[in-house]
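Data first, discussion second: the structure below is written as structure tokens.
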Number of protein chains: 2
Amino acid sequence: MPVGLSEQEIERVDELVGTRRKVARGMPLYLSGEPFQSLFAIRTGFFKTEVVSEDGREQVTGFQMAGELMGLDGIGTGQHNCDARALEDSEVCVIPFNRLSELSREIDTLQHHFHKVMSREIVRDQSVMMLLGTMRAEERLAAFLVNLSQRFVSRGYSATEFNLRMTREEIGSYLGLKLETVSRGLSRLQDEGLLSVSNKNIRIHKLDDLKKAMSPRC
Amino acid sequence: MPVGLSEQEIERVDELVGTRRKVARGMPLYLSGEPFQSLFAIRTGFFKTEVVSEDGREQVTGFQMAGELMGLDGIGTGQHNCDARALEDSEVCVIPFNRLSELSREIDTLQHHFHKVMSREIVRDQSVMMLLGTMRAEERLAAFLVNLSQRFVSRGYSATEFNLRMTREEIGSYLGLKLETVSRGLSRLQDEGLLSVSNKNIRIHKLDDLKKAMSPRC
DNA sequence: ACCGCGCATTGATCAACGTCAATAATGAGC
DNA sequence: GCTCATTATTGACGTTGATCAATGCGCGGT
């Protein structure tokens, strides 16, 4: 992942991320409470992370796709603090954390890179807080779809046509809404002509207008 | 902050956090968009952090008190991504980030400690996401007060009697509520006999019941 | 290809919270 | 100590999204 390394350094980073692991759709990569030992970089596939509170409430805290790092929440306590579950058959690289720590003490580019990744995770979480704290249902949905679109396009896929890997209920959990509200919101965006929904397939017709729909009503 | 260092290491960490800075009530410690250079550890006082979105929406993302670290959000982009503002006259230690990076490459206890702090920040943000996504107004308020109580008690102050440093509006922004809802919620908790509110002064009478009030209604 | 269950859509109703408004109380600054 | 602006409280009403319910559809598994 990091750039600007020497041949030799690249080799050492490569052997750091030696082992791989396949996770079948629906199966956990890790569960809350399990001892933390490794970070995971997604090679292929799609995951959700979910926290469960003491009183049984569940909340999806994020959806992760290829190239993204999972498990950062476990460093602080030495135990994973959320469940990570594959939304489709997936493959991850296993990154033993103590070896990452050692290596990042020697390769400062790697250290910087790792710090940046953690920091961006904090910023990402804060923007979700803003979404949950200030946006209305349809705005949240628009923001969610625009975010997905951008992440797909940065991976070389279409910005305007993609398949959702998660259910309405999971989207709702992530956005702080009930699944019915998600469904209604999608129908409404469709009625307004911004996109077409057919189950999990999304075709965005007016990406600009969808971005505008993230802001308070006209 | 870290423990288990040798005399010499402690000395080096001490000189890392050399300079201090006073921030008067209402003044910013840093603003969104400013270049990121340092982290800040609060010595005394009380801060809020606040993000402002493109369309002008504001959201308080946290309240920080003595011993807590601010500025982690700036590492990823090299710019601060939120405003940090003092809620009372405060003093912070300035921690130049590149020197922290260097030193943490040499002192692995420091490195581990720093990674844990960042990770805990991620976990904290996720629990706020859960609060915003799943809790009702009164539950959010109860959770907020219990959290404050715990943080005060871990600093040697009373768990049951303290002064809020922030306005109802700031509490509301943090909890995704309007200030009127915050005010009504506090009045309601008072009517139920769980606590007494007099402006910014809070006296918790039944901490256990307040904790129960964080869960869905009886 | 078929079956069955999980997932999605849509409608009707309701409660929670937001909005608007009026008033009261505080405390910061002079 | 006084004054004014800021902050807080409370009420009446409106809106949004949750809840309850019924139906339909699609996809995974065999």
Separation of C/dG27 P from B/Asn201 CG (nearest whole Å) | 10 Å
Residues in side-chain hydrogen bond (donor to acceptor under 3.5 Å, both in side chains) with B/Ser127, at least two apart?
-> none
Please examine the side chains of A/Phe162 and A/Ile204, heavy atoms only from C-beta on, and report whether any two atoms are closer than 4.5 Å.
-> yes
Where protein sits on nucleotides 18-25 of chain C, one letter per nucleotide: B base, S sugar-phosphate only, - none, heavy atoms under 4.0 Å | SBB-----
Closest-nucleotide ordering on DNA chain D, the 5'-leading residue of A/Arg136 and A/Ser198 = A/Arg136
Gap between atoms CZ and C1', on A/Arg25 and C/dC7 respectively (whole Å) | 11 Å
Between C1' of C/dA8 and NZ of A/Lys200, the distance in whole Å = 10 Å
Expressed in angstrom and rounded to an integer, what is the separation of A/Leu141 atom CG from C/dT9 atom P?
-> 11 Å
Whole angstrom is fine here: how far is it from CG in B/Leu186 over to P in C/dC17?
-> 14 Å
Spacing between A/Leu132 atom CG and C/dC17 atom C1', to the nearest angstrom | 16 Å
Closest non-hydrogen contact found for A/Ala143 with A/Met135 is CB-SD, 4.2 Å
May I ask you to say whether B/Glu139 pairs ionically with A/Arg57, meaning some side-chain N is under 4.0 Å from a carboxylate O?
-> yes
Hey, is the main chain of A/Leu194 close enough, under 3.5 Å, to the side chain of A/Asp209 for a donor-acceptor pair?
-> no
Roughly how many Å is it from CD in B/Gln190 to P in D/dA8, rounded to a whole number?
-> 14 Å
Does a nitrogen or oxygen in the side chain of A/Arg168 sit under 4.0 Å from OP1 or OP2 of C/dC7?
-> no
Answer yes or no: is there an ion pair linking A/Glu50 with A/Lys48, defined by an N-O contact shorter than 4.0 Å?
-> yes
Report yes if at least one side-chain N or O of A/Ser183 is closer than 4.0 Å to OP1 or OP2 of C/dT10; otherwise report no.
-> no
Quick one: side chain to side chain donor-acceptor pair (under 3.5 Å) pairs with a partner in residues 157-166 of chain A, sequence neighbours left out?
-> A/Glu88-A/Arg165, A/Ser158-A/Thr160, A/Glu161-A/Asn201, A/Asn163-A/Asn201
Quick one: A/Met135 CE to D/dG17 C1', roughly how many Å, whole number?
-> 17 Å
